[in-house]
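First comes the structure, then the notes that go with it.
Numbered from 1 within each chain, the chains take letters A, B, ... in sequence-line order.
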2 protein chains.
Amino acid sequence: MSASERVVPEGARRRRRPTKQGTVLSEQLIVETTLRLIGEHGAAALTVRRLGAALGCDPSALYRYFRDTDELLLAVADELIGRTMRGWRPTGDWRADLRTLGLRMHADYLAHPQAATLTCARVTGRTHEIRSVEAILGVLRGAGFPDAEAVRIYHVFVDQTLSFAALDASTLVLTERARTQEVRTWPDTYARLPAGTHPNIAATAGALVAEMDRSGYPAALEMVLAAAAARLGHVRTTAP
Amino acid sequence: MSASERVVPEGARRRRRPTKQGTVLSEQLIVETTLRLIGEHGAAALTVRRLGAALGCDPSALYRYFRDTDELLLAVADELIGRTMRGWRPTGDWRADLRTLGLRMHADYLAHPQAATLTCARVTGRTHEIRSVEAILGVLRGAGFPDAEAVRIYHVFVDQTLSFAALDASTLVLTERARTQEVRTWPDTYARLPAGTHPNIAATAGALVAEMDRSGYPAALEMVLAAAAARLGHVRTTAP
DNA sequence: GTTCACACGTCAACGGCGTTGTCATAAGGT
DNA sequence: ACCTTATGACAACGCCGTTGACGTGTGAAC
């Protein structure tokens with residue numbers, strides 16, 4: 001039996017046979033367990049063997065449900081998009097709505113960094129994504145942005161949110177050793193540079209260490225929203 | 001001999017001994033070969049064993065130069081930064097300088113998309129990176145931004161540039177089939193949605209297809225620069 | 001010019017990974 | 001109650017990063 005014939009689509013499953021340890025597998029259970037594994041034990045804990053152990057089945061049993069680990073991660077990504085958009089409703093205040101949605105997307109993706117790094121750059125064209133495009137464009141057009149402007153700001157908003165999510169998520173995917181070393185580079189290397197050779201770094205060392213310890217996304221988001229607001233004010237006064 | 005004693009810093013090397021196949025190793029040669037390997041055969045081709053084969057040495061010889069593959073990646077990242085900073089000189093116009101540097105970094109990273117996706121998120125603490133931090137902070141403080149403001153804007157500027165570079169690079173890394181499918185999603189799926197169910201997408205379809213076909217970075221950069229300029233004007237008028 | 005410490009390339013091995021071919025067995029339609 | 005076959009289990013393959021031991025050629029010292 002070749003690999004392409006091994007996977008059985010979820011709808012066509014007929015015999016739900018428990019594993020030796022008693023669990024009954026399903027696509028849904030595997031996706032949920034994968035997310036739980038990432039959440040509880042870090043991104044590095046996601047291996048087919050460990051996932052099998054967490055599910056109480058042989059690792060190879062997973063290949064009855066997904067062609068390979070990439071297909072499993074895409075299923076996880078799809079679940080993630082659904083969770084992110086669920087429960088968000090626009091209030092009518094465009095700036096607050098975009099701020100809330102941006103921070104929410106950023107946070108939700110960071111909660112599952114392994115899936116986020118693999119997923120952020122993809123355009124799926126699936127229902128959850130389409131609903132988000134429609135909603136964000138609606139917020140911008142409802143605020144009074146002309147169509148061309150709304151599209152441009154939509155593009156910046158979405159790509160910036162996803163790219164920062166990917167960037168921040170990728171640091172969470174590093175090994176424990178690499179991540180702590182990364183964090184310590186600012187106080188240990190940059191904060192100790194002499195003012196003679198590096199005056200600007202030395203003068204701002206304290207602020208630099210504090211600033212680089214957190215994500216730049218909230219500040220970047222505020223700057224984009226401020227620029228958009230300025231643009232909206234300009235549009236309103238010149239072409240009402 | 002423990003792992004921490006195995007690596008010899010480049011400056012302290014005394015005996016340059018050729019490998020069986022005749023190549024003389026060096027940090028520089030290893031980094032260059034790594035970039036070439038990634039560029040020619042993709043990021044997935046970067047393994048210690050393949051790198052050893054490309055260099056004509058035993059894979060374990062690399063551990064005389066780098067503690068582990070992560071340290072090697074940091075060296076590669078710094079080489080990319082160095083290539084970007086080479087030739088850039090501030091003119092005194094902070095906004096034009098940051099615009100030029102941002103677009104240049106973005107373009108240079110995209111020229112090595114395979115390496116970019118692996119290294120964009122890393123803080124190297126190495127010479128080229130330190131020089132770039134010093135230079136950008138110098139531009140901002142020279143423009144009159146107070147230290148706290150300069151650090152915040154530096155953070156947004158750098159992370160935005162690198163994260164967009166990683167995002168845009170990752171689409172270039174997809175297989176030909178996946179990338180064309182991704183591009184066609186906008187005209188084929190989004191542009192065909194009916195106005196009844198998706199009024200905002202339908203109303204902006206033409207602009208949407210055109211906008212999503214290019215990178216959002218230039219527009220995002222302009223918005224951040226505009227917000228920074230507004231902030232600078234505010235600082236100058238209230239606390240001169 | 002000989003000596004000699006040791007830097008550094010090589011070898012072999014370890015444990016872990018994703019994946020696949022094969023087998024056995026229990027589920028469920030008949 | 002039977003048979004088919006879906007599906008889980010097992011074992012093995014060929015990768016991977018990394019390490020400890022080894023020995024050889026280098027370059028400094030005299």
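The side chain of B:Lys20 places an N or O atom within less than 4.0 Å of a non-bridging phosphate oxygen (OP1 or OP2) of C:dC11. An OP1 or OP2 oxygen of D:dT18 is reached within less than 4.0 angstrom by no side-chain nitrogen or oxygen of B:Arg67. For the pair A:Arg6 and C:dT19, the criterion of a side-chain N or O lying under 4.0 Å from OP1 or OP2 is not met. When the side-chain nitrogen and oxygen atoms of A:Tyr65 are compared with OP1 and OP2 of D:dG8, one or more of them lie within a distance under 4.0 Å. Considering only side-chain N and O atoms, A:Thr19 lies nowhere under 4.0 angstrom from the phosphate OP1 or OP2 of D:dT7.
Rounded to whole Å, the distance from CG on B:Leu29 to P on C:dG9 is 11 Å. At whole-Å resolution of the value, CZ in A:Arg64 and P in C:dT22 are 13 Å apart. As a whole-Å value, the separation of B:Leu62 CG from D:dG17 P is 10 Å. Between A:Leu25 atom CG and C:dA27 atom P the separation is 14 Å, expressed in whole Å. Rounded to a whole Å, the CZ atom of A:Phe66 is 16 Å from the C1' atom of C:dG18. The separation between A:Arg50 atom CZ and C:dC17 atom C1' is 10 Å, rounded to whole Å. C:dC23 atom C1' lies 19 Å from atom OH of A:Tyr63, rounded to whole Å. The separation between A:Asp58 atom CG and C:dT25 atom P is 15 Å, rounded to whole Å.
Looking only at side-chain heavy atoms (C-beta outward), B:Leu172 and B:Asp168 stay at 4.5 Å or farther from each other. No side-chain heavy atom of B:Leu62 sits under 4.5 Å from any side-chain heavy atom of B:Leu72.
Residue A:Val48 has its side chain nearest to C:dG18 when only D:dT19, C:dG18, D:dC16 are considered. If you check C:dG18, D:dA21, C:dG9 against the side chain of A:Thr47, the one that comes closest is C:dG18. Residue B:Ser60 has its side chain nearest to D:dG20 when only D:dG20, D:dC16, C:dG18 are considered.
Two residues, A:Pro59 and B:Arg16, neighbour DNA chain D, and the one matched to the more 5' nucleotide by heavy-atom proximity is A:Pro59.
Looking at A:Thr23 and A:Thr19, their side chains do bring a donor and an acceptor atom within 3.5 Å of each other.
Each of A:Tyr109, A:Phe157, A:Tyr217 was scored for a ring-ring contact (aromatic ring centres under 6.0 Å, His included) with A:Phe164, with one residue passing: A:Tyr217.
In this model, a side-chain donor or acceptor of A:Arg17 finds a partner on the base of C:dT25 within 3.5 Å. Scanning atom types as modelled, no donor and acceptor separated by under 3.5 angstrom connect the side chain of A:Arg49 and the base of C:dG16.
Rounded to the nearest 0.5 angstrom, B:Met105 CE and B:Met85 CE are separated by 8.0 Å.
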